Number of protein chains: 2
Amino acid sequence: MPLQAPRATLEGGSLGDGVRQLLTRRLLAGVYSPGDKLSLRRVAADLGVSMTPVREAVSRLVADGALEVAPSRAVRVPILGVGEFRELTALRIEIEGLAAAWAAERRDDADLAVIAEAEAGFRLERARPAPDLVLTVAINQKLHFAIYRAARSPMLMEIITGLWLKAGPILNLDMSTNVARVSSGTGERYHTAALAAVRARDAVGARDAVAGDIAQACKYIISLGRLPANRSPQYIDGGLLIST
Amino acid sequence: MPLQAPRATLEGGSLGDGVRQLLTRRLLAGVYSPGDKLSLRRVAADLGVSMTPVREAVSRLVADGALEVAPSRAVRVPILGVGEFRELTALRIEIEGLAAAWAAERRDDADLAVIAEAEAGFRLERARPAPDLVLTVAINQKLHFAIYRAARSPMLMEIITGLWLKAGPILNLDMSTNVARVSSGTGERYHTAALAAVRARDAVGARDAVAGDIAQACKYIISLGRLPANRSPQYIDGGLLIST
DNA sequence: TGCGCAAATCTGTGATCACAGTCACTATGA
DNA sequence: TCATAGTGACTGTGATCACAGATTTGCGCA
């Protein structure tokens, strides 16, 4: 049962946009776990809006693969199998690695300052005797996106956001419940390396650092062995968009 | 004024899905041109459905960036500026190049046969005294996606489809109205090289061939000089998904 | 106490209505 | 003749209702 924020303020041009942003934020923050079912009516009631804006928001999130409609007509957070999670990880390594490389080439001083601040924040929080896991995950996200934003490619940012939306529930599920991994500091090394590479305008180094960070985090999650086997026998074409 | 197919059959689990697939196909086929305005009510009437499924389809396409809602509350096909088109091209080179590389590594004989058939079809059509431009564009798309499908990554396929949806209206606008470019056969060389590389399991060669194909096609379109200047002063964050 | 069937509840989907904006056209004024 | 205000026909958005199907609940029976 996903926990609900007591009252959420909706922003955005339209109500549908507001709902979408809110759901996106919750997905990224790990409020929902893989397999959780969402009810359009329940969300609508919780947010004090009608079902229409919720439906629009959900349809967009389904388009992004952040949610899925089961054949039983239930909207839920997708459950990724090991194979699918591996595929997602491989994709993230390539695409976020690309963003990091571009960031190293195109960053300006303001970008660097934001990245350095996030990196310092992450280090600070991790060094505390009892790190706030939810906060740590949030800062980690902030750091990654600070780097990607410096790549100055809004379309690339959108793609990466889509990937994070797919991975978010799993990452949050496993990261925010394990103190051991956060405290071990394996991720910190990569973050520091990424910052240094972006500062030095070292595209290859930035790519490797980000790729390493993603790879080891996902390797850890897979090693937990909590991911189910693949659901799709082979694979299903994205949105069966191409007919002929 | 976009031309309408006399009567289109809607497939898919739900009406909304059917409408989405239909609109997607039209976008990819160049039925709509950049700047064309779509009316939800008109589309609904043309398709014989209510406004609800159309709204859902459009909201998904807006999420993918294939359509946009202007501040004046009009849904239209986005008009890409030169800078945005360059960004899109750079992204396509990286991501579709990645797909081609994976395809070279992972393809099996069945994949290769499909790719070879599409390549032969493209060559055949181009060699005709009066090539059917619309058909040529369709075969070109078929060839590209045959390659990408061999990469065996549905998520990557979805990303690429999203990129094509953004680029489709422009590509079709300029390619299907210019016999010169098709007849010149510059694209054919890259296609043949891509096929050969995939056959030889040469990942680097496949990436270079696809990248070359995209680069020269987009260079040609930019050289036409019909693209307007950038619309966004700097750049707008994809879907303003990240708040903090 | 355990099993099975039925009814009630809840699901997403589609259609329809109401509303507040925007745009284009037109009639009226100077 | 030209500018301008008005007016009507659109636009997308949101809410509400109806419907068919799946899920769950709960009651009755063995």
Side-chain angles (χ1 to χ4, degrees), chain A residues 1-2 4 8-23 27 32 34-79 231 239-240, chain B residues 1-2 4 8-24 27 32 34-79 239-240:
Chain A
M1 182 65 66
Q4 301 285 352
T9 58
L10 293 181
E11 336 170 331
S14 65
L15 280 181
D17 250 29
V19 175
R20 182 181 58 83
Q21 290 181 41
L22 179 72
L23 290 182
L27 245 8
Y32 304 120
D36 275 357
K37 287 193 289 190
L38 300 205
S39 159
L40 299 190
R41 283 178 177 84
R42 188 181 307 272
V43 174
D46 284 346
L47 269 50
V49 299
S50 108
M51 218 164 55
T52 308
V54 177
R55 204 201 299 204
E56 181 185 330
V58 166
S59 78
R60 287 182 67 148
L61 290 171
V62 169
D64 289 336
L67 294 175
E68 69 177 6
V69 295
S72 65
R73 272 181 164 187
V75 176
R76 61 176 188 181
V77 181
I79 303 176
R231 289 180 305 148
L240 36 104
Chain B
M1 181 65 67
Q4 301 285 353
T9 60
L10 293 180
E11 336 171 330
S14 65
L15 279 181
D17 251 29
V19 175
R20 183 181 57 83
Q21 291 181 39
L22 179 72
L23 290 181
T24 299
L27 244 9
Y32 304 120
D36 276 355
K37 288 193 287 190
L38 300 204
S39 158
L40 298 190
R41 284 178 177 85
R42 189 180 308 270
V43 173
D46 284 345
L47 269 49
V49 298
S50 107
M51 218 164 55
T52 308
V54 176
R55 204 201 298 203
E56 182 186 329
V58 166
S59 78
R60 288 182 66 148
L61 291 171
V62 169
D64 290 336
L67 294 176
E68 68 177 9
V69 296
S72 66
R73 272 182 165 186
V75 176
R76 61 176 188 180
V77 181
I79 302 176
L240 37 105

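Model, not experiment: these values are computed from the prediction. In the text below, chain A, chain B and the rest are named by the order of the sequence lines, each starting its count at 1.
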Problem - Contact check, side chains of A/Arg55 and A/Val75, non-hydrogen atoms, under 4.5 Å - result: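 No, every pair of side-chain atoms sits at 4.5 Å or beyond.
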Handout entry: Within-4.5 Å side-chain heavy-atom neighbours: B/Leu38 and B/Arg42
Key =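 B/Leu38 vs B/Arg42: side chains apart.
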Practice task
Take A/Thr52 and A/Glu56 through the side chain to side chain contact (heavy atoms under 4.5 Å, CB included) test and state the conclusion after the steps.
Solution key: CA-CA 6 Å; A/Thr52 308; A/Glu56 181 185 330; over 6 Å; no
Spacing of [X] atom [atom1] relative to [N] atom [atom2], expressed in whole Å:
X	N	atom1	atom2	answer
B/Leu40	C/dG14	CG	P	15 Å
A/Arg76	C/dG12	CZ	C1'	15 Å
B/Arg42	D/dC10	CZ	C1'	9 Å
B/Leu47	C/dG14	CG	P	13 Å

Exercise for the section: Please lay out, stage by stage, how B/Arg60 and B/Asp17 fare under the test side chain to side chain contact (heavy atoms under 4.5 Å, CB included). Expected result: CA-CA 10 Å; B/Arg60 288 182 66 148; B/Asp17 251 29; 3.9 Å; yes
State, to 0.1 Å, how close [X] and [Y] come at their nearest heavy-atom pair, and which atoms those are.
X	Y	result
B/Val19	B/Val54	CG1-CA, 4.1 Å
B/Pro34	B/Ile79	C-CG1, 4.0 Å
A/Arg76	A/Gly35	CB-O, 4.2 Å
A/Ala74	A/Lys37	CB-CD, 4.0 Å

Under 3.5 Å, which N/O atoms of the protein pair with N/O atoms of nucleotides 4-8 of chain C?
none

Practice task
Just jot down the side-chain contact (heavy atoms from CB on, under 4.5 Å) partners of A/Arg73, sequence neighbours excluded, or say none.
Solution key: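 Per chain and number, A/Arg73 pairs via side-chain contact (heavy atoms from CB on, under 4.5 Å) with no residue.
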Between protein and nucleotides 19-26 of chain C, what N or O pairs are separated by less than 3.5 Å?
none

Problem - Interface with DNA chain C, restricted to residues 51-60 of chain A and to heavy atoms under 4.0 Å - result: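 When residues 51-60 of chain A is checked for heavy atoms under 4.0 Å from DNA chain C, the hits, listed by number, are A/Met51, A/Arg55.
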Exercise for the section: To the nearest 0.5 angstrom, please state how far the CG atom of B/Leu67 sits from the CG atom of B/Leu27. Expected result: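 If we round to the nearest 0.5 Å, B/Leu67:CG and B/Leu27:CG are 5.5 Å apart.
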